[in-house]
A.B. asks: 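Structure incoming, see below.
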Amino acid sequence: MNLAEGVQFVSLVILGGLMIFSALGVVLLSNIVYSAFLLALTFISVSGLYILLNAGFVAAAQVLVYVGAVNVLILFGIMLVNKVEVFSEVKNAWVGKAATGAVCAGLFGLIGTMVTSHPWAISTAPAAGDKAIEVIGQHFFSDFLLPFELASILLLVALVGAIVLARREFLPDLVAPQQEALTLPERPRELVAAGVRDED
Amino acid sequence: MFVLSGYEYFLGFLIISSLVPVVALGASKLLRPASAGPASRTTYESGCEPIGGAWIQFNIRYYMFALVFVIFDVETVFLYPWAVAFHKLGLLGFVEALIFIAILVVGLVYAWRKGALEWS
């Protein structure tokens, strides 16, 4: 193992450990804001793995879109809902837990089967390297043109749908209550002289 | 084979940006007077006293702005490879990118007309 491989291995271990522990923190921490910030750390670790794989554009897109935009959206979503102080006991909670466990075990089995059955042969095609972005661009406008154009329609649908949902246009006025103006509670204060006090 | 070749500047930026908070906090620790009065325990020293908790319900407009930002952020990521490979794509690529942008401009016009971009 030479120096370059050592650097790569150490970076892989650090990034992988960071990713696993931050992902565990997302699930296990009870404070949802900490979970959101740890999710950002997970995304950043994934982006570091992309850099290790020499996929600079994907790493930059990961940071730009997931950390910069999606995670901010998640944080705003958390800020939009009211903080729940007490959680009441859910009846028959084991049903939901069993269903979640079954789905997660099935997903784990599926991915595990795929990992073991995939040949993982290294492609003999020359690595794109610095030209990767150019190659991606050429694919976008030749054989991946239809998905590229469909992506714009998907973004348009997402934008229009989000605006309609946020403006609550689909609800009649009876159902959507008029939101009261937000006011901060005022605390009565004693009047204090602001000038210099006499010393006598 | 050094797989991370070409990322020397990235490493430099990473080191400098991680040093910034350390240097800023360390310098203020060295420079500031050691005695702490009761005023320095407040949230904003010599500022307004905050009222209520920090975790309040935010206005939905913040969410709208973040959402519109996500959409156009993704659009930027899609357009970047087009800009890099522009000289190889020719006129057809230009027209295709114009179609892509035109579809999203419809969304921008919709957001504008519906007032999603206004604070008021």
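In the text below, chain A, chain B and the rest are named by the order of the sequence lines, each starting its count at 1.
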A.B. asks: Pick one: which of B:F100, B:W82, B:F78 meets ring-ring contact (aromatic ring centres under 6.0 Å, His included) with A:F140?
C.D. replies: B:F78
A.B. asks: If we only count heavy atoms from C-beta on, is the B:F69 to A:V72 side-chain gap below 4.5 Å?
C.D. replies: no
A.B. asks: Among the options A:L145, A:V33, A:V157, pick out the one with the most heavy-atom pairs lying under 4.5 Å from chain B.
C.D. replies: A:L145
A.B. asks: Which value, rounded to the nearest 0.5 Å, describes the distance between A:Y66 atom OH and B:D73 atom CG?
C.D. replies: 11.5 Å
A.B. asks: Applying a strict under-4.5 Å side-chain criterion to I, L, V, M, F, W and Y, I'd like to know whether B:V105 and A:V160 cluster together.
C.D. replies: yes
A.B. asks: How close do B:E96 and A:F141 get, heavy atom to heavy atom, and via which atoms?
C.D. replies: OE1-CD2, 3.1 Å
A.B. asks: Which pair of non-hydrogen atoms, one from B:V77 and one from A:V65, has the smallest distance, and what is that distance?
C.D. replies: CG2-CG2, 3.6 Å
A.B. asks: Can you tell which part of B:I101 gets under 4.5 Å to a heavy atom of chain A, answering side chain, backbone, both or neither?
C.D. replies: neither
A.B. asks: Would you mind checking which part of B:F10 comes under 4.5 Å of any heavy atom in chain A, side chain (CB onward), backbone (N, CA, C, O), both or neither?
C.D. replies: side chain
A.B. asks: Are B:F13 and A:I44 connected, step by step, through hydrophobic side chains (Ile, Leu, Val, Met, Phe, Trp, Tyr) whose heavy atoms are closer than 4.5 Å?
C.D. replies: no
A.B. asks: Does a sphere of radius 6.0 Å around CZ in A:F37 hold more than 12 heavy atoms from other residues, nucleotides or ligands, not counting ones at 6.0 Å or beyond?
C.D. replies: no
A.B. asks: Treating Ile, Leu, Val, Met, Phe, Trp and Tyr as nodes and any side-chain heavy-atom pair under 4.5 angstrom as an edge, say whether A:I14 and A:L12 lie in one connected cluster.
C.D. replies: no
A.B. asks: Quick check: closest heavy atoms across A:Q138 and B:L89, and the distance to 0.1 Å?
C.D. replies: CA-CD2, 4.0 Å
A.B. asks: Provide the closest heavy-atom pair for A:S152 versus B:L104 in the form atom of the first, atom of the second, distance.
C.D. replies: O-CD2, 4.0 Å
A.B. asks: Is there a path from B:V106 to B:F72 through hydrophobic residues (I, L, V, M, F, W, Y) whose side chains come within less than 4.5 Å of each other?
C.D. replies: yes
A.B. asks: CD1/B:I103 to CD1/A:I153 distance, rounded to the nearest 0.5 angstrom?
C.D. replies: 4.5 Å
A.B. asks: Is the number of heavy atoms from other residues, nucleotides or ligands under 6.0 Å of B:F65 CZ greater than 12?
C.D. replies: yes
A.B. asks: Please classify the contact between A:F57 and chain B as side chain, backbone, both or neither, with a heavy-atom cut-off of under 4.5 Å.
C.D. replies: side chain
A.B. asks: Over all heavy atoms of both residues, which pair between A:L159 and B:V68 is shortest? Give the atoms and the distance, please.
C.D. replies: CD1-CG2, 3.9 Å
A.B. asks: Report which part of B:A97 has an atom under 4.5 Å of a heavy atom belonging to chain A: side chain, backbone, both, or neither.
C.D. replies: both
A.B. asks: According to a 4.5 Å side-chain heavy-atom criterion applied to Ile, Leu, Val, Met, Phe, Trp and Tyr, with indirect links allowed, do B:V109 and A:L155 form part of one hydrophobic cluster?
C.D. replies: yes
A.B. asks: Can you name the nearest heavy-atom pair linking B:A66 to A:L73, along with the distance?
C.D. replies: CB-CD1, 3.5 Å
